[in-house]
Amino acid sequence: MKGALIGCGFFAQNHLHAWRDIEGVDIVALCDSDNTRLQTTAQAFDITRTYNDAAAMLAQGRFDFIDIATTVSSHRSLVEMAAAAGVHIICQKPFAENMEDARAMVAAAQLAEKTLMVHENFRWQSPVQAALHVVKSGAIGDPFFCRISFRSGYDVFTGQPYLAEGKRFIIEDLGIHILDIARAFAGDVKHLAATTKRINPDIQGEDVATILLQHLGGATSVVDCSYATKRMPETFPQTLLEIDCVSGTLRLDAGYQLTVQSTAETRSDVSPPLLSWAEKPWHNIQESVQSIQQHFVDSISTGTEPQTSGADNLKTLALVEAAYRSASHASMIKISDI
Ligand code: NAD
Ligand code: 89V
């Protein structure tokens, strides 16, 4: 399968390392409007076809899929262009800035009959997968309470300066992953309520969010996120879990320690592997990039809908919208109203 990538910035380097290690995939073309980034990346990954303009790259084609690794404001136009060119699409999160753009992208891919997947990779982290495996096996019964927690004081602004500039920050950038994990454990959501705060005076958006979810299946979740939590040891970028089920309980604690208690207790170290190109502490995220990109390829090969398809991601994105609406109106939001 031949692919082309748009956006050669901070995170795309991980995509390109992962593509290189996925059997049967070859990235044949790169695009970035910033020529320095484009040429540096092309050289590092030995890719000869380079473009400053995505339309020009799509017009020349000769690839099966597009990997969109740009920031959110460009997603709709790039996805619509790629769908019109008749290629499969994997697009970074946040998928869209609003539901209208997200729905339009899903419709464009459906019309083109092409796979559209959102690069929603946190549920693909191997520690999260290990916990999901326990719950989905039914060994401790159905969940009735989940706490999905991401609290850190790590400086994300040096690598991703745009995160300090937007009116929205932690829910749109990070909470979106944690809300998606809540959906993976307890299913879709009926109602939600949220509070937000900004602690860091040097950024525009909120850096703390606490979100209460009532799931359609009856479970309750608390999703709590913070980039203002200065604690030791620093746990970035670990998502910690407490999942209470009818016949037992599961915890994923700091240091990737998984404890499952039912009639007996089992403890295991579910640390992610350090891939040859990865670097701590990002290795947890980097490994999930490889896993989700493999899932994209497998979904196309088998003709099945990816877990985090564009259509599926509408439901995660609705939680993001609802959380901002709830925090600004101090009210509980019905997800079907989004
Ligand atoms: P970045 O700003 O470092 O890189 C984006 C690149 O895209 C830039 O080089 C820019 O010139 C280029 N670009 C933008 N619009 C373009 C267009 N229309 N045509 C061609 N090139 C264009 O951003 P980043 O930090 O790499 O983030 C990219 C995306 O990845 C964001 O949506 C971010 O939320 C996401 N991200 C995801 C994860 C994850 O774990 N899933 C982690 C970090 C970032
Ligand atoms: O995963 C992400 O989307 C990143 C970060 C971990 C920094 O929030 O932007």
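Ligands are counted one by one from 1 in listed order, and the atoms in each one are counted from 1 as well.
- There is a side-chain donor-acceptor pair under 3.5 Å between E206 and Y324.
- Between H15 and H119, the two ring planes are parallel [angle under 30°; tilted spans 30° to 60°].
- Counting atoms of ligand 1 from 1 in the listed order, those under 4.0 Å from a heavy atom of P94 are 32 (O), 34 (O).
- Residue-ligand proximity, I285 to ligand 1, at heavy-atom distances under 4.0 Å covers atoms 40 (O).
- The single protein non-hydrogen atom nearest to atom 21 (N) of ligand 1 is S33 N, 3.2 Å, given as residue, atom name and distance.
- If you check which protein heavy atom lies closest to atom 44 (C) of ligand 1, you get Q160 NE2, 3.4 Å.
- With 3.5 Å as the limit, one finds no donor-acceptor pair spanning the side chains of E305 and S299.
- Between F236 and Y227, the two ring planes are tilted [angle within 30° to 60°].
- Applying the side chain to side chain donor-acceptor pair (under 3.5 Å) rule to pairs touching residues 138-148 yields R147-D224, sequence neighbours excluded.
- Summary of contacts: the protein heavy atom closest to atom 5 (C) of ligand 1 is A69 O, 4.0 Å.
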Please list every donor-acceptor pair under 3.5 Å in which a side-chain atom of residues 17-26 meets a protein atom from a residue at least two apart or in another chain.
unit_1: W19; atom_1: NE1; unit_2: D67; atom_2: OD2; d: 2.8
unit_1: D21; atom_1: OD2; unit_2: W277; atom_2: NE1; d: 3.4

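- Close contacts of ligand 1 with I6, meaning ligand atoms under 4.0 Å from a residue heavy atom, involve 19 (N), 20 (C).
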| task | Would you check, one step at a time, whether the test side-chain contact (heavy atoms from CB on, under 4.5 Å) holds for L319 with I211? | result | CA-CA 10 Å; L319 303 185; I211 308 172; over 6 Å; no
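- Counting atoms of ligand 1 from 1 in the listed order, those under 4.0 Å from a heavy atom of D173 are 34 (O).
- One finds a salt bridge joining R168 and E321 here, because a Lys/Arg side-chain nitrogen approaches an Asp/Glu carboxylate oxygen to under 4.0 Å.
- Using a cutoff of 4.0 Å between basic side-chain nitrogens and carboxylate oxygens, D188 and K315 are scored as salt-bridged.
- Of the listed residues (N284, D32, T71, D53), the one carrying the non-hydrogen atom nearest atom 10 (C) of ligand 1 is D32.
- Under the side-chain contact (heavy atoms from CB on, under 4.5 Å) test applied with L30, the options T48, I6, I47 reduce to a single match, I47.
- The nearest heavy-atom contact from the protein to atom 26 (O) of ligand 1 is F11 N, 2.8 Å.
- If you number the atoms of ligand 1 from 1 as listed, the ones under 4.0 Å from a heavy atom of G7 come out as 6 (C), 7 (O), 12 (C).
- From the protein, the heavy atom lying nearest to atom 25 (O) of ligand 1 is Y162 OH, 2.7 Å.
- Exactly one of M57, M81, H88 qualifies for a side-chain contact (heavy atoms from CB on, under 4.5 Å) with I66. That residue is M57.
- Distance from atom 30 (O) of ligand 1 to its nearest protein heavy atom, with residue and atom name: Q92 CG, 3.4 Å.
- The number of heavy atoms from other shown groups lying within 6.0 Å of CG (D46) does not exceed 12.
- Applying the salt bridge (charged side-chain N to carboxylate O under 4.0 Å, His left out) test to residues at least two apart or on different chains, the pairs with a partner in residues 266-287 are E265-R267.
- Remark: minimum distance from atom 29 (C) of ligand 1 to any protein heavy atom is reached at T70 O, 3.4 Å.
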Using a cut-off of under 3.5 Å, which N/O atoms of ligand 2 pair up with protein N/O atoms, and what distance separates each pair?
unit_1: ligand 2; atom_1: 1 (O); unit_2: H177; atom_2: NE2; d: 3.0
unit_1: ligand 2; atom_1: 3 (O); unit_2: K93; atom_2: NZ; d: 2.6
unit_1: ligand 2; atom_1: 3 (O); unit_2: H177; atom_2: NE2; d: 2.9
unit_1: ligand 2; atom_1: 8 (O); unit_2: D173; atom_2: OD2; d: 2.8
unit_1: ligand 2; atom_1: 8 (O); unit_2: Y227; atom_2: OH; d: 3.0
unit_1: ligand 2; atom_1: 9 (O); unit_2: Q160; atom_2: NE2; d: 3.0
unit_1: ligand 2; atom_1: 9 (O); unit_2: D173; atom_2: OD1; d: 3.1
unit_1: ligand 2; atom_1: 9 (O); unit_2: D173; atom_2: OD2; d: 2.8

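- For atom 2 (O) of ligand 1, the candidate residues are Q125, K93, R37, H177; the nearest heavy-atom contact is made by R37.
- Ligand 1 places these atoms under 4.0 Å from at least one heavy atom of G9: 3 (O), 4 (O), 6 (C), 9 (O), 26 (O).
- Regarding atom 41 (N) of ligand 1, its nearest protein heavy-atom neighbour is N121 OD1, 2.7 Å.
- At a 3.5 angstrom cut-off on N or O pairs, F10 counts as close to ligand 1.
- A salt bridge links R183 with D312; the closest basic N to acidic carboxylate O contact falls under 4.0 Å.
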